[in-house]
Amino acid sequence: EPLLSSGPSFSWPTMTGRNQLQQFGYNNDFLALLEHDGHWLLTVNHESTSAQLMFPGEERYTSTNLKDAPVEMAAHGLSIVEVTQDADGHWTVVKDSRFNRRITLDTPMKISGPVTGYTRVMTPEDPQGQVVRGTVHNCSGGITPWGTILTCEENILYYFGGEEGDSQEELAYRRYNIGYSKAYRWYEVEKRFDLGHAPKQPNRYGWVVEIDPTDPASEPIKRTALGRFYHESANPILNKDGRIVIYMGDDGYFEYLYRFVSSQSHVPHQVQSRLEYGDILDDGELSVALFHENGTVEWIPLAFGTLGLTPENGFHCQEDVLIEARRAGDIVGATPMDRCEDVEPNPITNRVYINCTKNPKRGTKEYPTSGPANPRNENQSGHTIELIPPEQDHTAMVMIWEMLLMGTEPVESQESDADFLSLERGTEASTSTEVVLACPDNAAIDPLGRLWVTTDGSEEVLGIADGVYAVESTGRRRGELRRLFSAPMGAEVTGPCFAPDGRTLFVSVQHPGKHPSGKMTNLWPDFDPRLPARPSVVVIRRLDGGIVGGD
């Protein structure tokens, strides 16, 4: 949809990059709702594109046709849109709002923190190493106490191709799978993604980016003190001493759980821009988690010159440690996890929830077997861990961990292709009277402090659609589930976001209709044979106007 009433309407299959830059992006993920001077602003991540759904004749994740590259590139990034609620409770987009804008691969972004100006982020287009054009694969994120958005760059491996042009970066390329997986063909049309032309370019992605949705003229900032890896999320919490603590998961098999603690306390004061508050994120301690069998988790600082993070192992300064945070985690002995997706601190209870979506590789061939915090080999269904900071201190170097939820084991029978590929309106996923869950992904805490989880992979594991679940986290019903919403088949559900009054829940439905075969499984939400399935944002409210999930 166009973000301005003067923008071009959706046209398929004649989409152009120019039009897409004026329209809502693709595969919406993280959602954040903020109120500003009476305006409600919704920030939406656009994680990726799905060529098999976007372009006729394509069967893969990325397009094989170079003419599609401008559309793929323009569909990445973020959308910021003003939304409003009428007297009947319905939410709509304010199409001519001055706040509406796209943040794309052409948006200039400052490099901030320790890595600013470092040689390993210098490119022919930016020889000073201070400004990056754009952001990619924006997955989940977080909201800061000062009202800015943290958006996370996740699977950066898909965006760089060509001949590797720098032997000094070979080890870093390999650890982040740069050039080792099939990429978008952007490097054939944009030199900045060509490793032969700009071998340092991958080091400029994989960060947490701070954005101020209230100021359309503001320039996003990449906060490098938070480390570089496949960031699924970055959820801040204000510690009792005023310091900012951010929990972050690396969404890769056998990757790590991280934490950032700011050196200074957040003190509200007069500033020119909200992003100035974010400068507190440029100085602090990045650490990685080591889980023990006795139910404790230890946070190990990733500090240059300590625990093997030395020149002998290829680290010559703290900038190297931050750029290669994954390899730093290897060396200090962090616990390899079953794909840390969202890591959500609860500001009411001060407990922290970690969704590990799955790891079918665990315990197979040369891969590590089960262990603390990852108790199941060939883990297809995932699990959720709870962290308990001592005396509610999120800066503590040792915490307690407990298992909150284990995903349901796979079932023998799956839906037939005939059922799965139905395109008719009203076709529903197979369901059961038993509430089951597989592959927990994103999470949210509602205004009453209750945990909600969305899933990504239930249809492959259980033969049911992904959805939104309420999860009991306390008392005798701890770990009990209630399913609120089921997505169309082929889709994952992402970005759960509650309005402050708890009466509205926004969720993203990503890549509806997607099937491993490349065929389209449904035509949601238009149900128009002339249109493809389209990612969308859904609003969930109670008919009686009450609190979602009850009070």
Side-chain angles (χ1 to χ4, degrees), residues 73 76-77 103-138 150-154 156-157 159-176 178-179 186-187 190-212 218-231 234 260 263 273 275-276 278-284 286 302-305 309 311 314-328:
M73 295 174 71
H76 279 66
I103 294 173
T104 71
L105 278 164
D106 289 324
T107 303
M109 302 186 177
K110 299 177 183 176
I111 301 176
S112 186
V115 175
T116 306
Y118 186 46
T119 56
R120 293 184 66 184
V121 293
M122 294 178 180
T123 65
E125 288 76 23
D126 176 32
Q128 304 303 316
Q130 296 183 351
V131 178
V132 178
R133 278 177 64 196
T135 182
V136 294
H137 215 94
N138 299 83
L150 299 181
T151 179
C152 294
E153 299 178 330
E154 191 193 17
I156 59 173
L157 72 164
Y159 301 99
F160 308 96
E163 294 296 324
E164 298 176 12
D166 191 335
S167 59
Q168 292 181 341
E169 294 294 338
E170 184 177 355
L171 190 60
Y173 284 157
R174 186 179 304 117
R175 191 61 183 84
Y176 286 84
I178 303 297
W186 301 355
Y187 66 94
E190 282 269 355
K191 292 180 66 175
R192 57 184 161 136
F193 297 109
D194 184 342
L195 293 174
H197 170 72
K200 309 294 187 185
Q201 187 79 331
N203 295 337
R204 295 151 65 85
Y205 297 90
W207 304 101
V208 174
V209 184
E210 186 178 13
I211 294 170
D212 182 3
S218 62
E219 190 171 80
I221 299 175
K222 298 200 176 190
R223 299 291 185 185
T224 63
L226 276 60
R228 174 176 168 267
F229 42 89
Y230 289 6
H231 283 274
F260 173 84
S263 297
S273 163
L275 290 172
E276 290 183 40
D279 291 345
I280 194 176
L281 304 181
D282 288 339
D283 184 19
L286 181 67
L302 297 180
F304 171 68
L309 304 181
F315 298 95
H316 300 278
C317 54
Q318 185 64 16
E319 290 90 329
D320 288 336
V321 173
L322 295 172
I323 289 173
E324 298 188 66
R326 276 185 165 183
R327 199 162 64 85

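All residue numbers refer to positions in the sequence shown, counting from 1. The figures that follow rest on heavy atoms only: side chains count, while hydrogens, waters and symmetry mates do not. Bear in mind that the values here come from a model prediction, so they are computed numbers and not experimental data.
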So, does [X] use its side chain to make a donor-acceptor pair with the main chain of [Y] at under 3.5 Å?
X	Y	answer
Glu163	Gly196	no
Thr224	Ser112	yes
Gln318	Phe304	yes
Arg326	Arg175	yes
Arg204	Met122	no

For this session: Could you tell me how the ring of Tyr205 sits relative to the ring of Phe160: parallel (under 30°), tilted (30 to 60°) or perpendicular (over 60°)?
Result: tilted
With side chains defined as the heavy atoms from C-beta onward, is the minimum distance between [X] and [Y] less than 4.5 Å?
X	Y	answer
Val132	Trp207	no
Met109	Ile103	yes
Pro220	Thr135	no
Tyr159	Glu153	no

Problem set entry | Over 12 non-hydrogen atoms of neighbours within 6.0 angstrom of CD in Gln168 | no
Exercise. Does Tyr176 have Arg228 sitting over its ring (NZ/CZ under 6.0 Å from centre, angle to axis within 45°)?
Worked result: yes
Between [atom1] of [X] and [atom2] of [Y], what distance do you get to the nearest 0.5 Å?
X	Y	atom1	atom2	answer
Asn203	Ile111	CG	CD1	10.0 Å
Glu219	Asp212	CD	CG	12.5 Å
Ile211	Asn138	CD1	CG	7.0 Å
Gln128	Thr116	CD	OG1	12.0 Å
Gln201	Ile156	CD	CD1	10.5 Å

Problem set entry | Pair Tyr118-Ile323, side-chain contact (heavy atoms from CB on, under 4.5 Å): steps then yes or no | CA-CA 10 Å; Tyr118 186 46; Ile323 289 173; 3.8 Å; yes
Please give me the minimum heavy-atom distance between [X] and [Y], naming the atom from each residue.
X	Y	value
Pro199	Tyr173	O-OH, 2.7 Å
His231	Glu154	O-CB, 3.3 Å
Ala234	Leu150	O-CD1, 3.8 Å
Leu286	Ala225	CB-O, 4.1 Å
Leu195	Pro202	CD2-CG, 3.5 Å
Ser218	Leu275	CB-CD1, 4.0 Å

Exercise. Looking at Arg223 and Asp279, does any basic side-chain N land under 4.0 Å from a carboxylate oxygen?
Worked result: yes
Problem set entry | Full working for side-chain contact (heavy atoms from CB on, under 4.5 Å) between Glu190 and His197 | CA-CA 10 Å; Glu190 282 269 355; His197 170 72; over 6 Å; no
Problem set entry | Stepwise side-chain contact (heavy atoms from CB on, under 4.5 Å) check, Phe260 with Val208 | CA-CA 12 Å; Phe260 173 84; Val208 174; over 6 Å; no
Problem set entry | Arg192 and Asp106: CA distance, side-chain angles, deciding distance, salt bridge (Lys or Arg N to Asp or Glu O under 4.0 Å) verdict | CA-CA 11 Å; Arg192 57 184 161 136; Asp106 289 324; 3.4 Å; yes
For this session: Might you work through the side-chain contact (heavy atoms from CB on, under 4.5 Å) test for Glu324 and Arg120, ending with a clear yes or no?
Result: CA-CA 11 Å; Glu324 298 188 66; Arg120 293 184 66 184; 3.0 Å; yes
